[in-house]
Amino acid sequence: MKLFLHLGRYFLMIQKTFGKFTKWKMLKNLIFREIDDLIISSIGIVSFLSFFVGGVIAIQTAINIDNPLLPTYLIGFTTRQSMILEFSPTFISVIMAGKVGSYITSSIGTMRVTEQIDALEVMGVNTYNYLIFPKIIALTLFPFLITISMALGIFGGYIASINGGFASHSDFIEGLQLDFIPFHIFYAFIKTFIFAILLATIPSYHGYFMKGGALGVGKASTTSFIWTSVAIIIANSLITNLLLT
Amino acid sequence: MIKIENILKSFGDSIILKKISTIFEKGKTNLIIGQSGSGKTVLIKCILGLIKIDQGKIQFEKSFLYSMGQKERAKLRQDIGMVFQGSALFDSMTVEENVIFPMKMFTNKPKDEIVERANIAIRRVNLINSNNKLPSELSGGMKKRVAIARAIVMNPKYLFCDEPNSGLDPKTSIIIDNLIQEITKEYNITTVINSHDMNSVMEIGEKIIFLENGSKKWEGTNKEIFKTENQSVTKFVYSSELYKKIRKVYLNEQDNN
Ligand SMILES: Nc1ncnc2c1ncn2[C@@H]1O[C@H](COP(=O)(O)OP(=O)(O)OP(=O)(O)O)[C@@H](O)[C@H]1O
Ligand SMILES: [Mg+2]
């Protein structure tokens with residue numbers, strides 16, 4: 001019952017976000033600031049995670065195929081598939097639900113408890129548009145982060161394979177090119193794009209409608225992380241069922 | 001002038017505002033007083049339209065808040081200034097940017113003119129050398145001043161202040177109270193102030209309404225509040241020995257005159 005109430009309010013929020021627009025001159029600055037806070041500042045952690053996870057995937061694949069009958073190009077192949085299909089789009093998104101999501105919830109939530117949202121409202125600002133729209137636009141650049149993640153993950157796998165002596169340069173590259181299906185890239189980016197929208201709007205919802213004082217902000221961030229990651233995982237299964245089967 | 005009639009508001013099962021009616025007069029500092037939790041903030045937010053009322057009418061001059069069109073309402077918004085209980089400054093912006101904000105948002109004036117007007121407002125609240133500071137670098141009293149400057153920069157017809165002197169020392173409180181009263185007179189604004197500060201009641205209570213548990217129990221002026229025999233009011237206003245004594249002295253003086 002309560003879930004429907006939340007869903008209704010969530011969709012109403014999205015509708016209002018695209019209602020009366022803030023002056024472009026101000027909106028533009030807000031968008032640039034969000035790109036900085038949400039995207040640029042995440043490049044470091046996304047690169048770090050992807051590089052090492054890519055490496056670990058390669059090593060684990062290598063260890064599991066020590067049967068001499070299995071070709072070593074499988075290492076490159078598995079690294080590519082894992083990174084492109086799952087790790088980069090889905091797991092980076094879940095991790096970003098923690099980083100970006102809690103940032104969004106706590107920044108909007110703080111504005112709620114300190115009455116800054118009320119102050120904007122009194123002035124006649126459409127607070128949904130002012131606060132949430134720039135975040136949605138900034139996160140449309142999220143696929144860019146995911147591209148970096150895919151590339152660095154594969155690169156990490158390559159380095160690990162060569163360094164560990166699990167595969168030669170040409171084997172790894174052969175694996176990378178094996179059975180390459182361009183549709184997989186399309187599938188990954190469709191996913192990423194939908195996750196980006198969830199990543200912008202669910203944490204905004206939890207911040208905007210939060211209750212309670214400073215303590216509430218912390219609690220809202222946690223709840224927001226849980227719901228955002230649940231939504232991402234559910235969306236992931238739906239999209240996968242729809243596009244890959 | 002703001003007129004409210006039979007305002008009723010409840011959250012869930014509890015009725016927070018119980019049929020409140022009154023008139024807030026133009027050019028005067030109108031006070032809403034009452035114990036913590038009596039519904040002062042909720043009442044102000046209802047008048048501003050931040051909280052939707054269940055029943056009743058809210059009238060700004062000749063227009064009713066809930067029968068206005070989009071345009072008229074947007075216009076009204078720009079005639080309203082509000083100082084929130086915790087100042088509600090935008091914490092990512094400097095003092096000057098905070099004060100500039102409403103003008104930047106809603107007017108198309110050139111930049112120098114906007115900055116100049118902001119600085120007039122900042123000077124008006126006696127805030128010096130702080131233009132480039134962030135709210136986190138200001139004291140409570142300074143924040144209130146910035147909030148007042150931001151509220152008056154668009155030359156509002158209506159000014160709302162939610163406990164403008166909570167958390168301030170007595171001297172700063174009086175300065176802020178006087179500032180609000182001066183501005184009210186200077187620009188002939190309808191000012192509504194929430195307070196539980198007795199000094200404010202005595203000093204700037206040109207019109208006072210007293211709330212208890214969401215009901216209006218009394219209304220009058222600061223002169224009348226000395227004389228009233230209304231139990232609820234005297235219990236609240238003269239809760240301390242000091243104010244009981246002040247009341248006695250005041251009433252004696254009146255008798256002697
Ligand atoms: N959004 C809300 N939902 C539910 N109850 C609320 C809400 N806002 C206020 N209340 C309740 O309404 C009552 C009046 O609150 P209000 O904030 O108006 O008090 P106040 O007179 O301003 O007190 P104070 O002097 O402490 O600021 C309180 O009992 C409060 O719990
Ligand atoms: Mg209050």
Side-chain angles (χ1 to χ4, degrees), chain A residues 1-2 5 9 12 16 19-38 41 103-104 106-131 133-135 138 207-217, chain B residues 11 41-42 44-52 68 70-93 97-111 114 135-136 143 146-148 150-151 153-154 156 158-163:
Chain A
M1 209 39 232
K2 222 161 171 192
L5 205 87
R9 210 163 54 163
L12 215 62
K16 286 179 180 159
K20 184 183 138 207
F21 267 72
T22 309
K23 243 188 185 177
W24 171 243
K25 224 169 76 190
M26 305 195 72
L27 207 54
K28 191 182 64 188
N29 291 334
L30 291 170
I31 291 171
F32 281 126
R33 216 183 59 210
E34 298 295 356
I35 291 176
D36 208 30
D37 287 340
L38 303 179
S41 78
Y103 174 79
I104 291 177
S106 61
S107 64
I108 296 183
T110 306
M111 290 186 76
R112 167 62 74 200
V113 296
T114 55
E115 296 180 305
Q116 291 177 54
I117 295 184
D118 287 328
L120 287 166
E121 207 117 284
V122 169
M123 292 174 193
V125 176
N126 175 359
T127 49
Y128 297 93
N129 179 262
Y130 182 84
L131 296 170
F133 182 76
K135 296 185 171 59
Y208 195 93
F209 293 104
M210 67 148 292
K211 292 212 167 68
L215 202 68
V217 178
Chain B
F11 288 112
T41 300
V42 173
I44 278 202
K45 289 191 173 171
C46 285
I47 298 172
L48 289 169
L50 288 175
I51 297 178
K52 252 210 170 108
M68 281 180 198
Q70 283 266 327
K71 272 227 173 89
E72 203 181 347
R73 200 139 173 198
K75 172 86 188 41
L76 174 67
R77 288 254 169 265
Q78 276 155 57
D79 287 334
I80 292 177
M82 167 92 191
V83 178
F84 284 86
Q85 200 157 350
S87 296
L89 301 178
F90 303 126
D91 40 33
S92 56
M93 301 180 196
E97 285 165 348
N98 261 283
V99 180
I100 283 175
F101 185 86
M103 289 187 287
K104 210 163 136 193
M105 196 66 150
F106 295 108
T107 67
N108 288 313
K109 296 199 163 65
K111 186 146 188 252
I114 286 179
S136 56
K143 279 186 197 156
V146 180
I148 295 171
R150 187 177 69 184
V153 75
M154 298 275 276
Y158 312 97
L159 179 64
F160 293 85
C161 307
D162 195 357
E163 303 198 13

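Within every chain, numbering begins at 1; the chains are lettered A, B, ... in the order of the sequence lines, protein sequences first and strands thereafter.
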Quiz prompt | chain A contact via B:Ser87 - which portion, at a heavy-atom distance below 4.5 Å | solution =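 Neither the backbone nor the side chain of B:Ser87 comes within 4.5 Å of chain A.
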Quiz item: Side chain, backbone, both or neither: which part of B:Arg150 has a non-hydrogen atom closer than 4.5 Å to chain A?
Solution: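 It is the side chain, since no backbone atom gets that close.
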Practice problem: Please identify each residue that fulfils ring-ring contact (aromatic ring centres under 6.0 Å, His included) with A:Tyr130, with sequence neighbours left out. | Solution: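 Residues passing ring-ring contact (aromatic ring centres under 6.0 Å, His included) with A:Tyr130: B:Phe101.
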Quiz item: Under the side chain to side chain contact (heavy atoms under 4.5 Å, CB included) criterion, do B:Leu89 and A:Thr114 qualify, and how do the steps go?
Solution: CA-CA 8 Å; B:Leu89 301 178; A:Thr114 55; over 6 Å; no
Practice problem: Report the option among B:Leu48, B:Ile80, B:Leu76, B:Asp91 that has the most heavy-atom pairs separated by less than 4.5 Å from atoms of chain A. | Solution: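 Highest number of heavy-atom pairs under 4.5 Å: B:Asp91.
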Quiz prompt | Contact winner vs chain A - B:Gln85, B:Met105, B:Met154, heavy-atom pairs under 4.5 Å | solution =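 Winner by heavy-atom pair count: B:Met105.
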Self-check item: SB check A:Glu121 B:Lys45 (cutoff 4.0 Å)
Solution: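 A salt bridge is absent here (no side-chain N lies under 4.0 Å from a carboxylate O).
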Quiz prompt | Closest contact, heavy atoms only, B:Val83 versus B:Ala151 | solution =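 Minimum heavy-atom separation between B:Val83 and B:Ala151: CG2-CB, 3.9 Å.
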Exercise. Please report the closest heavy-atom contact between A:Gln116 and B:Phe90, naming both atoms and the distance.
Key: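 Where A:Gln116 meets B:Phe90 most closely, the heavy atoms are OE1-CA, 3.3 Å.
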Inter-residue atom distance [X].[atom1] - [Y].[atom2], 0.5 Å rounding:
| X | Y | atom1 | atom2 | answer |
| --- | --- | --- | --- | --- |
| A:Asp118 | B:Leu50 | CG | CG | 5.0 Å |
| B:Ile114 | B:Lys109 | CD1 | NZ | 7.5 Å |
| A:Tyr128 | A:Lys16 | OH | NZ | 4.0 Å |

Self-check item: Interface residues of residues 22-30 of chain A facing chain B - heavy atom cut-off under 4.5 Å
Solution: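 Against chain B, the residues of residues 22-30 of chain A that fall inside the cut-off (heavy atoms, under 4.5 Å) are A:Thr22, A:Lys23, A:Met26.
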